[in-house]
Structures are given as structure tokens and as C-alpha cells.
Amino acid sequence: MPLLIAPDARFHSSWLEGAAEFDGARQDGAGAEDWPLEELNDGGSFRRFVDALLADALPASPRKPGYVPCTYLWIVEGGTFLGSLAIRHKLNEFLLEQGGHIGYSVRPSARRRGHASAALAAALPVAQTLGISRVLLTCDEDNAGSRATIEKNGGVHEDTRRGKRRYWIE
């Protein structure tokens, strides 16, 4: 059964395999935008990446303008990395319109098995412990899988803005 865990360098090779499956596409919830995949092949660089993900949850950690504190979690089963999930601690203007509190992605080889739905269900109590009582999630209008994941977890569609469906979960 998959678990939602804090990022851990023990999953280095499996994380790299999962990231390669995205073939350059954006990995929502991964926090890897500023880390070239080639650089993360190195064990030391990967440990620094994991440390940066963990530190991002701390309000005092440095971050780029427009970014908010974020708790990163990984979806794993046994020794296999299946995906990423990010809980953004507060909403700025962009996140309110487009990104939401929670973003996630499941590696392509592990999709259509309920991992995203289970991870989102496990993340909602974590969001609550962070003081987020009403969680905003968004997905592309044409992303039927993400729509189903959000709706299965109680998401209520509020509206669509610039091609993004916006859902709230109490």
C-alpha cells in the first residue's frame, strides 16, 4: 500500500527513474523546477535537493519572490517512488487563481491505480494541521484524471479561470 512520506534521499535512484518518465514535462508538486535532472544524478546534489524540500516548510527559509512556505511529500510504495505532492501553506494571488493549496503528480508508469486519490486523502489531514481548514485545488479543464481525483476527495467545483477548474474541500 502506498504511503505519503517526507522526501528521503534513500529513494534517489527510484526518484530519478520516476522523473525521467516525465520526459521533461512539469512535475506538479515536486519542487524540482530549479534543479536540473543531470545535476540530481549526483548523490550529494540529490541530498541537498531533499534538504531544500524539507526546509521549504519552514517560514524563515529563503525562497524566490512569489513563493510561499510549502510542505513537500512523496508517494512511495516499498522502495519505489511513485509521485510527489506539495501543500502550500498559504495562497498568494497566483495560487488563488491558478495553483491552489495542493499540487501533485504521479509518475506515468504508476497512473490509473488510485495513487493520486489516496495521496490527496492522506494530505488533507496534514493540511489541516498546518491551519488550512478549507483547501483549494485546481486542475486543467481537460485533465479528467485530476478532476476525478479531486471530486473523489470531496472537491466542490467553484468555477473555471483561465482554463483551470477550481475546487474547494472543507
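Numbers for residues simply follow the sequence, beginning at 1. Since this is a predicted model, take the numbers as computed values, not measurements.
For CD of Gln128, the number of neighbouring non-hydrogen atoms (other residues, nucleotides, ligands) closer than 6.0 Å is 12 at most. Around CZ of Arg63, the count of heavy atoms belonging to other residues, nucleotides or ligands within 6.0 Å exceeds 12. The environment of CG in Asp159 is crowded: more than 12 heavy-atom neighbours from other residues, nucleotides or ligands sit within 6.0 Å.
Checked by atom type, the side-chain pair Ser105/Gln27 shows no donor-acceptor distance below 3.5 Å. With hydrogens and angles left out, the side-chain atoms of Glu158 and Tyr167 include no donor and acceptor closer than 3.5 Å.
Annotation for Thr71 and Ala57: closest pair OG1-CB, 3.7 Å, computed over non-hydrogen atoms. In terms of heavy-atom proximity, Ser61 sits nearest to Asp56 at OG-N, 4.4 Å. Closest heavy-atom contact between Gly99 and Arg88: O-NH1, 3.1 Å. Leu96 and Arg161 make their closest contact through O-NH1, 4.4 Å (heavy atoms, listed as atom of the first residue, atom of the second, distance). Here the closest non-hydrogen pair linking Trp35 and Ala52 is CZ2-CB, 4.0 Å. For Ala123 against Ile102, the heavy-atom pair with the smallest separation is CB-CD1, 4.4 Å.
Considering only residues two or more places apart in sequence or on other chains, Glu170 meets the salt bridge (charged side-chain N to carboxylate O under 4.0 Å, His left out) condition with Arg134.
Residues Glu33 and Arg26 have side chains in contact (heavy-atom distance under 4.5 Å, counting atoms from C-beta outward). Side-chain contact between Glu141 and Arg147: present, with at least one pair of heavy atoms (C-beta onward) separated by less than 4.5 Å. Under the 4.5 Å side-chain criterion, counting only non-hydrogen atoms from C-beta, Pro69 is in contact with Lys90. Side chains of Ile5 and Leu73 form no contact here, defined as non-hydrogen atoms less than 4.5 Å apart. Between Val68 and His89 the shortest side-chain heavy-atom distance does not fall below 4.5 Å. The side-chain heavy atoms of Leu91 and His101, taken from C-beta on, include a pair separated by under 4.5 Å. A 4.5 Å side-chain heavy-atom check between Ser14 and Arg107 finds at least one atom pair inside the cut-off. With contacts defined as side-chain heavy-atom distances shorter than 4.5 Å, the pair Ser84/Asp28 does not qualify.
To the nearest 0.5 Å, atoms CG (Asp8) and CZ (Phe81) are separated by 12.0 Å. Between the OG1 atom of Thr149 and the CG atom of Leu120 there is a distance of 7.5 Å, given to the nearest 0.5 Å. Going from atom CG of Leu58 over to atom SG of Cys70 covers 12.0 Å, rounded to the nearest 0.5 Å. To the nearest 0.5 Å, the span separating CD on Gln98 from CG on Leu136 amounts to 10.5 Å. Note that CZ of Phe11 is 13.5 Å distant from CG of Leu16, once rounded to the nearest 0.5 Å. Atom OH in Tyr104 sits 14.0 Å away from atom NE2 in His115 (nearest 0.5 Å).
Under a hydrophobic-cluster definition in which Ile, Leu, Val, Met, Phe, Trp and Tyr are linked whenever side-chain heavy atoms come within less than 4.5 Å, directly or via other members, Ile169 and Ile87 are assigned to the same cluster. The hydrophobic clustering, which links ILVMFWY residues whose side-chain heavy atoms are closer than 4.5 Å, places Ile150 and Trp168 apart. Follow the hydrophobic side-chain contacts under 4.5 Å out from Val76 and you never reach Phe22; the two are in separate clusters. Residues Leu130 and Leu4 share a hydrophobic cluster, clusters being chains of Ile/Leu/Val/Met/Phe/Trp/Tyr side chains in contact below 4.5 Å. Put simply, Val50 and Ile75 are part of two different groups of oily side chains (I, L, V, M, F, W, Y) that touch within less than 4.5 Å, one to the next.
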(message) Under the criterion side-chain contact (heavy atoms from CB on, under 4.5 Å), I'd like the reasoning laid out for Ser117 against Asn153: C-alpha separation, chi angles, the key distance, then a yes or no.
(response) CA-CA 7 Å; Ser117 292; Asn153 278 280; 4.1 Å; yes
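Glu97 and Lys164 are not joined by a salt bridge, as no carboxylate oxygen comes within less than 4.0 angstrom of a charged side-chain nitrogen. Under 4.0 Å is where a charged nitrogen must lie from a carboxylate oxygen, and between Asp140 and Arg165 no such pair does.
The hydrophobic cluster containing Met1, built from Ile/Leu/Val/Met/Phe/Trp/Tyr side-chain heavy atoms closer than 4.5 Å, comprises no other residue.
Aromatic pair Phe49/Trp15: ring centres closer than 6.0 Å.
In terms of modelled atom types and a separation under 3.5 Å, the side chain of Arg112 and the main chain of Pro108 share no donor-acceptor contact.
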